[in-house]
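Contents: one structure, followed by commentary.
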Amino acid sequence: MEKTYNFKEIEIKWAEYWINDKTFSAKPDKDKIPFTIIIPPPNITGHLHMGHALDNVLQDIIIRFKKIQGYNTLWLPGTDHGGIATQSVVEKFLKKEGKTRYDLGRKKFLEEIWQWKSLTESAILNQLKKLGCGLDWDRTAFTMDKNRSKAVEKSFVYLFNKGLIYRGKRLINWCARCSTALSDIEVEYDNEKSNLWYVKYSLKNSEEYIVVATTRPETIFGDTGVAVNPNDKRYTKFIGKTIILPLINREIKIVADRTVDKSFGTGAVKITPAHNVIDNDIAKRNQLDIVEIIDIKGTMINVPLEYCGLSVEVARKKIVKELDTMGLLVKTQDHVHSIAKCYRCYTKIEFLMSEQWFLNITKMSKKAIDVVNNNVISFYPESWKKSYILWLKNLKDWCISRQIWWGHRIPIYYCIDKNKNKKNCKPIASLSKPKECSYCKGKNFVRDEDVLDTWFSSALWPISVFNWGQNDNNEDLKYFYPTSVLVTGHDILYLWVARMIQFGLEFMKNIPFANVFIHGIVRDKQGKKMSKSLGNIVDPIMIINQYGADALRFTIAQNAAPGKDIQISNDSFLSARNFVNKIWNASRFVILNSENIGKFDINIKPSELADSWILAELTNTVLKVKTRYESYNIDAAAREIYDFFWTKYCNWYIEFSKIRISSTDLDAKKQVLSILIYILKFILQLISPIMPFISEEIWSILNKNTDDTKIISKSTLFEIKNNNIESINKMKIIQDIIIAIRTLRSEMNISPSVKIEAFFNILRNSKETTVIENENYIKQLAKINTIQFCKNMRKSKDYVTTVIGNFEIFLPLNKSIDIEKEKTKLTKKVALSKKEIEIAILKLNNKNFIKNAKYTEIKKIKINLDEAKLKVKKINEALKFLK
RNA sequence: GGGUAGUUAGCUCAGCGGAAGAGUACUCGCUCCACAUGCGAGUGAUCGCAGGUUCAAAUCCUGCACUACCCACCA
């Protein structure tokens, strides 16, 4: 075995093996319980970032754990066409060549994106392979491939025929850069500094006027009313009166609406129903007209000639200036308010009236709320339940049409037969071009130009990946659906998770997954979200090249507390890298020592305290780790294994084992090695979901002459019954003594490599058989050559002492000590012990404590009190001696 | 405005009713035959603040402060 672990070669070797061997391919098998995860398909916009690494490593950990537990696991890979996101990325590339998508035309542009898709998709899948992801590659899906498209079309037609999908002219969110409508959750809000302009609106045939406060003076042309609160005494007399709108002199009414806030601005609101959601509602309640003045390019329309065609920003400046000149601008005030922006390109959103397709998804909400409320679907952590339910309760209809080219074209056909009675022809939803219009018998149709929101196909993902839409009763769907757990970040809980639940219940009459494991967002060292513009990206592939995939995976696992954001910087991976190295070297120690000593028993026989102790500790660890994995506390599982392996196995047990390994007693040597191997195998199995590469490599070396050469192919029950608690207590005494001697040696600058003698004054009339029987452990780990047990060892200037448990330990000094330093140290120790005594006595004298506290608690305090008293006595003696 | 998390050693985070933990950083000492990507020892925390419940609170409850995120509103 190499002295250092060559992760580069070995990781490539196993990644290829898993793929070629089809280790992770899955078929329905009625004799086995399925465990299914479908990947949250990454957008084909580019490469994977650390957030993807987090999401996928967690899924792989769960899949691998379930696989070695014996489940029939399936982790299904795929990518998402990414609608607007992908289209804008490709448009950006075109822009560099000075072209737009219109220069290419729809067909050519789509060809361009398909080409882009094939490149990025394979890059993404390669990255997943590098991470070690145990995906069933033969099932790789794409949200816009043939089978997935069928699912989309079928579901659309179904929902349309059910009357849940309808077309309507409504106020929608419009991104002028992407030139498409957006759903409400695709809009983000940012606070921005702006102004609040106070404008005089004069009453008709009167000297009186009302002042309105507005952040959007350019929408004056679209005003069709002014609203005041019905209880606002300042304005009650104006309700019902007419106002002459400045600049265009249109007559508009003053109406009363209880939603108007009396305290904001002047308490009078100009109403622009065509470009503001709230205004639109007020207009509906008060039967106000709708006047559209901004078009989809973000320019002014239906306005006086000098404003026509101006952009919103230019028009605003011009209008403010004009109002000022006319003396209608009363005041301009600084004002911070939130601005709606496109979640893909951060362009300001324009609210405007537009004919779009909507899905009445609110009807599906009740069931989606129930399944989560009743824990048919469980959330980890549970706290997200509340947000999820609240969101569904306030859900509005979903605008599903997009005016982009990249996506699923809406399967709606319009009859264009002009000779017949066109007026009665209704749009037809169909899987293919209809043959005949059922209204006019016309035979000519055109398909709707729009595409669907990318999240529509995402919502179908859990069923479309099993080819729902073609054969709804296929074996895969029956066997693998509902899936077991969905692993995702909380940022797409509404955008995606909620909708999959709604669609799953609608189309399958069953939940899409039983559990939702929600992890956090990856952040940088300063806690900021990683983004290209901030330049704080940590590239997972760079980390893999530098430290290895196992190190990356362990770091992720260690930090992945459910629901919590994790901070990662380039040096967060060092500790994990060191851990990989530690596993390698400890294994190397075990393997090298078991070579050339012939065959030995695989059945383990604990023959010493150390053996039963480490087996008891192993039992505890296995139980804990299993529970942690099963409840998605991956971070805790990782820490549990780390601590057991490094501290207990390496630092203690291997050191103890060296006594037998270096002895001439071959049987003893074989016996201890069999335990070392037995435990090492357990550790490898436990850690293999997190660090599959190194564990697979070492496993294959350990098992090279057996049938068990692949850890991932072995199902493991994780059941052991070596829980000798007494051995843990006994070992604690030995360890405490070893630590006490090491500390004393270190404090006294006794050379660590020199073996010395020690005297153990037994302070009580107890037998201390544990210590006497196991003195060789103390000798080995504390570098002692002889231990003399005695009763009346006295202080002398040739020795230093320390008190631990029932012993006062004396170590010979090779030089004189710094008396003052020693005095301060001992005085400090006495003070500490005295305080302990004080607290213990206080507790024991407390009748309520004695009455209520657990027996073990009281016993513990009594023992501590005794030990502290003894310590004080002995240290005081030592102090006296120093004087 | 409503909601959800969080506030523990310089930093990153565990612990969530019975004597403050890990990694990292720092200090000291070690090349002794698995590992210096290491070994041993040590310094370092009134567990955000204020109340309350309890024999006992970092841990449970209430309030407050600050931080982050989500939802709504911002005329």
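Just so we're on the same page: letters track the sequence lines, and every chain starts at 1.
Mapped onto RNA chain B by nearest heavy atom, A/Ser383 and A/Asn864 fall at different nucleotides, with A/Ser383 at the one closer to the 5' end. Taking for each of A/Lys386 and A/Ile750 the nucleotide of RNA chain B with the nearest heavy atom, the 5'-most of the two is the partner of A/Lys386.
With P as the reference atom, B/rU27 and B/rC35 are 26 Å apart, rounded to whole Å. Taking the C1' atom of each, B/rA19 and B/rA45 are spaced 15 Å apart, rounded to whole Å. Nucleotides B/rG18 and B/rU59 place their P atoms 11 Å apart, quoted to the nearest Å. Rounded to the nearest Å, the gap between the C1' atom of B/rC69 and that of B/rA58 is 25 Å. B/rU7 and B/rA50 have their C1' atoms separated by 15 Å, with the value rounded to a whole Å. Across B/rU8 and B/rC49, the matching C1' atoms stand 15 Å from one another, rounded to whole Å. Between B/rA9 and B/rC47, the two P atoms lie 10 Å apart (nearest whole Å). The gap from the P atom of B/rC26 to that of B/rU37 amounts to 14 Å, rounded to the nearest Å.
Both tests hold for A/Arg499 against A/Trp398: distance to the six-membered ring centre under 6.0 Å, angle to the ring axis within 45°. In this structure, A/Lys200 forms a cation-pi arrangement with A/Tyr209, its terminal cationic atom sitting closer than 6.0 Å to the ring centre and no more than 45° off the ring axis.
Of all nucleotides present, only B/rU12 satisfies the Watson-Crick or G-U wobble test against B/rA22, with each distance under 3.5 Å. Pair check for B/rC39 finds B/rG29; Watson-Crick or G-U wobble, both atom distances under 3.5 Å. When Watson-Crick and G-U wobble pairs are counted only if both distances are under 3.5 Å, B/rG63 pairs with B/rC49.
In this structure, A/Asp184 does not pair ionically with A/Lys396, as no charged nitrogen and carboxylate oxygen lie closer than 4.0 Å.
The minimum heavy-atom distance between A/Asp550 and A/Ile694, with the atom names listed, is OD2-N, 2.8 Å.
Note on A/Thr4: every side-chain N or O is 4.0 Å or more away from OP1 and OP2 of B/rU37.
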